[in-house]
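Chain naming here is simple, since letters A, B, ... match the order of the sequence lines and numbering starts at 1 in each.
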2 protein chains.
Amino acid sequence: MKTIEKSTPCELCMSRKFSLFANLSEPHLCHLSDHKNFITHKKGQILFYEGTKPLGVFCINDGVVKVYKTASNGKEQIIRLAKKGDFLGYASLLGEESYSNSATIVEDAKICFVPRESFLKVLAEDTEFHRRVTKALCHDLGIMEDKLTDATQKSIRERLAFTLLKLSETYGIDGNAGEKIDIVLTREEIAGLVGTATETVIRLLSEFKKDELIDFEGKKILVLDKRGLARLSDFYG
Amino acid sequence: MKTIEKSTPCELCMSRKFSLFANLSEPHLCHLSDHKNFITHKKGQILFYEGTKPLGVFCINDGVVKVYKTASNGKEQIIRLAKKGDFLGYASLLGEESYSNSATIVEDAKICFVPRESFLKVLAEDTEFHRRVTKALCHDLGIMEDKLTDATQKSIRERLAFTLLKLSETYGIDGNAGEKIDIVLTREEIAGLVGTATETVIRLLSEFKKDELIDFEGKKILVLDKRGLARLSDFYG
DNA sequence: TGATTAATGTGATATTTGTCATGTAATCAA
DNA sequence: TTGATTACATGACAAATATCACATTAATCA
């Protein structure tokens, strides 16, 4: 079901501007263009599985991908949602390990695959790029520390409120009736994001709606009261 | 209370062999030796605080340091325990951010401080070293994903059992009566490691003792039945 | 040494949250 | 369109865990 088609060369790619590839040299960009594969993925398709070997890195040109671990109880813990401009799989590649997580398309996506050798070549030849990659890894590490701390020290209600705020920050589009979180996530996926049971998410979302913090528009969530959610999430930032 | 004294030069440092500095060139090692500070720290002393700017990296020559975040409820979530050969603070330094966590001495420690410039100089000049740092960061990221998944999907009992196994793996010394975890942690610190309340740790440890999975020897814990703990921790690895 | 503080332990209790069961609504495939 | 599957929803209930209060013991220090 994967579609391979002609794609924008990296030199002209717009989503690159917001990515780690932002400041690469012309020759390196051409090298990547020549070696990459551009693939269109449909919702539900799987990019890679935990435990398999990374053969390169993925750059998201458009769409949304969930990166998650499957716990021993079968539930998915979503590590992050990756969007346009984000890279996938580079940590496992550079760590010289199998994928520590799996990745599945959440919203139809256009994704470039850069093979291992090309990526490593650019990394080796462009020290500045290597430094940016390192910096990104360090930043991600800090984020994971925050997530871990929240997971152990905050209640589900707090975490759900916080998750909604974060989602609206990243995927929010302003409307007349509050900010719409413009991606479709199932309750189960939200539960995976928060780290809880699906039923609990359903109940809490109803509660949030009753309290007029959020509303629903089709399958999407409207954030009506950010301040209220921030208060609930014990987040003062 | 910090003591500055003469220290082994990096070239001769034994704990370096197990660290990221393992394969540095002679000139780089000398450069580090010339610029580092060697400081002896006592239990309870604080190495750095979350939110402050990193001025360099710390290399642990001996001792144990807890790296933790203070949650909004005041509790400490311990991110990791760092021991001989481990580095501290490099993620924040390379991420060009303030410290994302705090570090406090758990067991009396000898620690070298390498100033920012020296560390960055070596990083810039030794590509292989940079690659090893990157690899370590990637590995840590994978570990954090595991921890997050465990934190949301496993019970406290499972996590405590797992924590004890990990501790015995790292700090265990074999004795006639099981494997002794040879560091002193308060119940509160164990709670911070697991991500739970102190009372819960106390109760569960008593339960584990009653079930003859562990025993106490002074302030230290003896692991009597690893298999039993592994079963309890839902860990098959 | 005695006084003070920190660490450990225990009980009672309330709450949060997960689980199971079941039902309805929405979506999808043939 | 219809049957099947998936998503959403709700109730009942049990279990795990946090919190608070208060002992008791150990460690520290003046």
Any chance CZ of A:F216 has more than 12 other-residue heavy atoms, nucleotides or ligands included, within less than 6.0 Å?
yes
Just so I know, are the side chains of A:S102 and A:E76 near enough to count as touching, which here means a heavy-atom distance under 4.5 Å?
no
pair A:L141-A:L137: side-chain heavy atoms closer than 4.5 Å
no
Which residues in residues 191-203 of chain A have a heavy atom closer than 4.0 Å to any atom of DNA chain C?
A:T196, A:A197, A:E199, A:T200, A:R203
Within residues 182-190 of chain A, the residues having a heavy atom closer than 4.0 Å to DNA chain C are none
Ignoring hydrogens and geometry, is there a side-chain-to-backbone donor-acceptor pair from B:R159 to B:A151 under 3.5 Å?
yes
Computed from five pairs at either end and rounded to 10 degrees, the angle between the axes of the helix from C:dT1-D:dA30 to C:dA30-D:dT1 is 50°
Using a 3.5 Å distance criterion without hydrogens, assess whether the side chain of A:K110 forms a donor-acceptor pair with backbone atoms of A:F38.
no
Please name the residue in the list B:F58, B:Y68, B:F113 that meets the ring pair (Phe, Tyr, Trp, His ring centres under 6.0 Å) test with B:F48.
B:F58
Starting from the C-alpha separation in whole Å, work towards a yes-or-no answer on side-chain contact (heavy atoms from CB on, under 4.5 Å) for A:L81 and A:L193.
CA-CA 9 Å; A:L81 290 176; A:L193 223 34; 4.0 Å; yes
Here the gap from A:D150 atom CG to B:T152 atom OG1, rounded to the nearest 0.5 Å, amounts to 12.0 Å
Under 3.5 Å, which donor-acceptor pairs do the side chains of residues 181-189 of chain B form with other protein atoms, sequence neighbours left out?
{"unit_1": "B:D182", "atom_1": "OD1", "unit_2": "B:K220", "atom_2": "NZ", "d": "2.7"}
{"unit_1": "B:T186", "atom_1": "OG1", "unit_2": "B:E188", "atom_2": "N", "d": "3.4"}
{"unit_1": "B:T186", "atom_1": "OG1", "unit_2": "B:E189", "atom_2": "N", "d": "3.0"}
{"unit_1": "B:E189", "atom_1": "OE1", "unit_2": "B:T186", "atom_2": "N", "d": "3.0"}
{"unit_1": "B:E189", "atom_1": "OE2", "unit_2": "B:K66", "atom_2": "NZ", "d": "3.1"}

Are the side chain of A:K69 and the backbone of B:D146 linked by a donor-acceptor contact shorter than 3.5 Å?
no
Which is the 5'-most and which the 3'-most nucleotide of DNA chain D that has an atom under 4.0 Å from a heavy atom of chain A?
D:dA7 to D:dA12
Basic-acidic side-chain contact under 4.0 Å: B:E207, B:K210
no
Range on DNA chain C touched by chain B - first to last nucleotide, heavy-atom distance under 4.0 Å:
C:dA7 to C:dA12
Tell me, do B:S15 and B:D62 make a side-chain contact under 4.5 Å, heavy atoms counted?
no
Working to the nearest 0.5 Å, report the span between CG of A:L205 and CG of A:L164.
6.0 Å
Apply side-chain contact (heavy atoms from CB on, under 4.5 Å) to residues A:K209 and A:D215 and explain how you reach the verdict.
CA-CA 5 Å; A:K209 176 176 171 168; A:D215 200 355; 3.5 Å; yes
Here the gap from A:L213 atom CG to A:D225 atom CG, rounded to the nearest 0.5 Å, amounts to 5.5 Å
